[in-house]
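Let me begin by presenting the structure, written as structure tokens, before commenting on it.
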Amino acid sequence: MTQLQDSGLLSRRRRWAALAVLSVSLLLVVMDMTILNVALPAISEDLRPDAIELLWMVDAYSLAVSGLLVTVSALGDRWGRRKMLISGFALFGAASVAVVWARDPAAVIALRALLGVGGAMIMPSTLSMIRTLFADPRERATALGIWSAMAALGAALGPILGGLLLEAFSWHAAFLVNVPVMALAIVAGLMLLPESRNPNPGRWDALGTLLSIAGMVALVYGVKHAGDAGGWVALASAAVLLGWFVRRCLTRKDPLLEIRLFGSPSFSAGTVAALTTSIAMAAMMLLLAQWMQLVQGYSPLETGVRMLPTALGAFVLSPLAPALAARIGARTVLAGGLLVAGAGFLVLFVAPSPLGYGAVALALLLVGAGMGSLAIASAVIMAGSPPEKAGSAAAIEETSYELGGTLGVAVLGSLATAFYRSRLTVPEGMPAQAVEESLGSALEAAREAGAAGAELARQAQTAFTESLAVTGAAGAALLLVAGVAVWWLTPRALSLTEHR
């Protein structure tokens, strides 16, 4: 049994108050990731980073998170999940305060890495603590539905809050907004959250720790830079390191990460759902944000507001998903949610040309509604693991989201870029490399060309819109395949209301 500082049976009121602390902290971490995307242009204008420094500003956070998820989850199982969570709050808040003294790109990169360390401490800790706080499967499924809704809401509110802050303040505000919330989270967490840990964690695997960190960092870096020679070297290194890590976990009695959890078909189904949804969503949200700003001409704030249908669908459906699963079955809701999200992606492909916001809003609403099934995916993943292995289950789920986001941008983003380039005809005298690099570069080249660039701008915007539609079809196909796989893997009789 998992050890709790309290008697192990927290009052109902305190359990739900503790969930509020966990959900708000997750909300802020997710918001912070999306706020930065809005703040990057202002940071670039102020600090003038070169191309490599700008790349590292973006990559530092994800590399730190992906590299440390397994390690900090295993540490939390041993040291105490509440201690890990509170320490994550403190580090996240301290790194956000330190931005006041950031005067060059290197300082921002270092702070982004520290925020990534704090995020890696917070995200799996919230999930594993829900597993131990809510022993009753019915309550746990509802709690995970709320947790999932907060993640979706954070992703949607981040650009809106970022736009509001940047209109009124400098880019530093995008970081400083974290400080008061983290201070409150620390106080509330100390008052409301019980301690929990694995009572028999076994010996610490130092070599496994090094393999997991190096392997995940190499994998994420390799995926992000797969077109470069260094990227392929990183991917080859990741294959060796992670293969060694998996073998080590399977042959030890006390592994750093409980890989054997994949022996449960339902656990694998939940992981597949998390991974594939993240792949499709990451690429599509990035492309839609560019389409709204560079094709439709919306401001960053207007773009954030127009992305809200996704959050609306997820916010409504996530808390309702457990009750729906109790009525028609977890397998139906989990696989069906993927198909509904796939239908949203398909809308982008079949919508009449020229693509308008009405079709996009419908697509976003369907995608958000389908994402409600991820509440069931989390419930299936956590129910398929014993309480003492909650850290491993949380690490696997969060790694699926992180890796899925990276793969989505790399793979589906590359598909969109290739199709965009194939539809362009660069006029003579225009810088072909700049025009084909991105829609933003093409529009800048068109502006510099004056009246002669009008046709190039129109052609580039049309090509980008068509690439968005094609990527929508690819996302729909991916989610269709995932839905079939999840239906096949999930036991028909799986119930989220039975005690585990």
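We're numbering straight along the sequence, starting at 1. Keep in mind it's a predicted model, so treat the numbers as computed, not measured.
A heavy-atom distance below 4.5 Å is found between the side chains of Pro49 and Met57. In this structure the side chain of Leu317 never reaches within 4.5 angstrom of the side chain of Met371, judged on heavy atoms. Counting heavy atoms from C-beta outward, Leu287 and Trp291 have side chains that stay 4.5 Å or more apart. For the pair Asp104/Leu47, no side-chain contact is recorded, criterion being any heavy-atom separation below 4.5 Å from C-beta on. Proximity of Thr471 to Phe345: side-chain heavy atoms (C-beta onward) are nowhere separated by under 4.5 Å. Side-chain contact between Met284 and Leu412 is absent, with no heavy atoms from C-beta onward closer than 4.5 Å. Residues Leu133 and Leu19 are not in side-chain contact: their nearest non-hydrogen atoms beyond the backbone lie 4.5 Å or more apart. Residues Asp205 and Leu207 are in side-chain contact: their nearest non-hydrogen atoms beyond the backbone lie under 4.5 Å apart.
How far CG of Leu69 is from OG of Ser212: 10.0 Å, rounded to the nearest 0.5 Å. Going from atom NZ of Lys83 over to atom CG of Leu190 covers 11.0 Å, rounded to the nearest 0.5 Å. Separation of atoms CZ (Arg82) and OG (Ser125) is listed at 12.5 Å; rounding is to 0.5 Å. In this structure, OG on Ser318 lies 10.5 Å from CH2 on Trp147, to the nearest 0.5 angstrom. Interatomic distance, CE of Met123 versus CG of Leu68, reported as 12.5 Å (0.5 Å rounding). With rounding to the nearest 0.5 Å, the separation of CZ in Phe245 from CD1 in Ile213 is 10.0 Å.
Of the possible donor and acceptor atoms, one in the side chain of Ser278 sits under 3.5 Å from a partner among the backbone N and O of Tyr401. Within the 3.5 Å criterion, the main-chain N or O of Val70 finds no donor-acceptor partner in the side chain of Ser73. Remark: the backbone N or O of Ile43 is not paired with any side-chain donor or acceptor of Asp46 at under 3.5 angstrom. When atom types are taken as modelled, the side chain of Ser25 and the backbone of Leu22 share a donor-acceptor pair closer than 3.5 angstrom.
Closest approach of Val21 to Ala188, counting heavy atoms only: CG2-CB, 3.6 Å. Scanning all heavy atoms of the two residues, the minimum distance from Ala269 to Thr490 falls at CB-OG1, 3.2 Å. Looking at every heavy atom in both residues, Gly270 comes nearest to Ala377 through O-CB, 3.8 Å. Minimum heavy-atom separation, Ser87 to Met121: CB-CE, 3.4 Å. Listed here is the closest heavy atom pair of Ala335 and Val486: N-CG1, 4.1 Å. Between Met129 and Leu85, the closest heavy-atom pair is SD-CD2, 4.1 Å.
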| request: Verify salt bridge (charged side-chain N to carboxylate O under 4.0 Å, His left out) between Glu195 and Arg81, making sure each step is shown before the conclusion. | output: CA-CA 6 Å; Glu195 188 57 279; Arg81 294 164 187 141; over 6 Å; no

| query | Would Ser96 and Met182 count as a side-chain contact (heavy atoms from CB on, under 4.5 Å) if you check the C-alpha gap in whole Å, the side-chain angles of each, and the deciding distance to 0.1 Å? | reply | CA-CA 10 Å; Ser96 299; Met182 284 301 163; over 6 Å; no

| Passes side-chain contact (heavy atoms from CB on, under 4.5 Å), Leu288 versus Met285? Steps please. | CA-CA 5 Å; Leu288 279 173; Met285 293 301 102; 4.0 Å; yes

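The closest side-chain donor-acceptor pair between Trp204 and Thr209 falls under 3.5 angstrom.
The residues Arg15 and Glu139 are annotated as salt-bridged, a charged nitrogen and a carboxylate oxygen being separated by less than 4.0 angstrom.
Aromatic ring centres of Phe134 and Trp16 lie closer together than 6.0 Å.
Heavy atoms from other residues, nucleotides or ligands lying under 6.0 Å from CZ of Arg203 number 12 at most. No more than 12 heavy atoms of other residues, nucleotides or ligands shown are found within 6.0 angstrom of CZ on Arg247.
Using cut-offs of 30° and 60° for the angle between ring planes, the Phe267 and Phe262 rings count as perpendicular.
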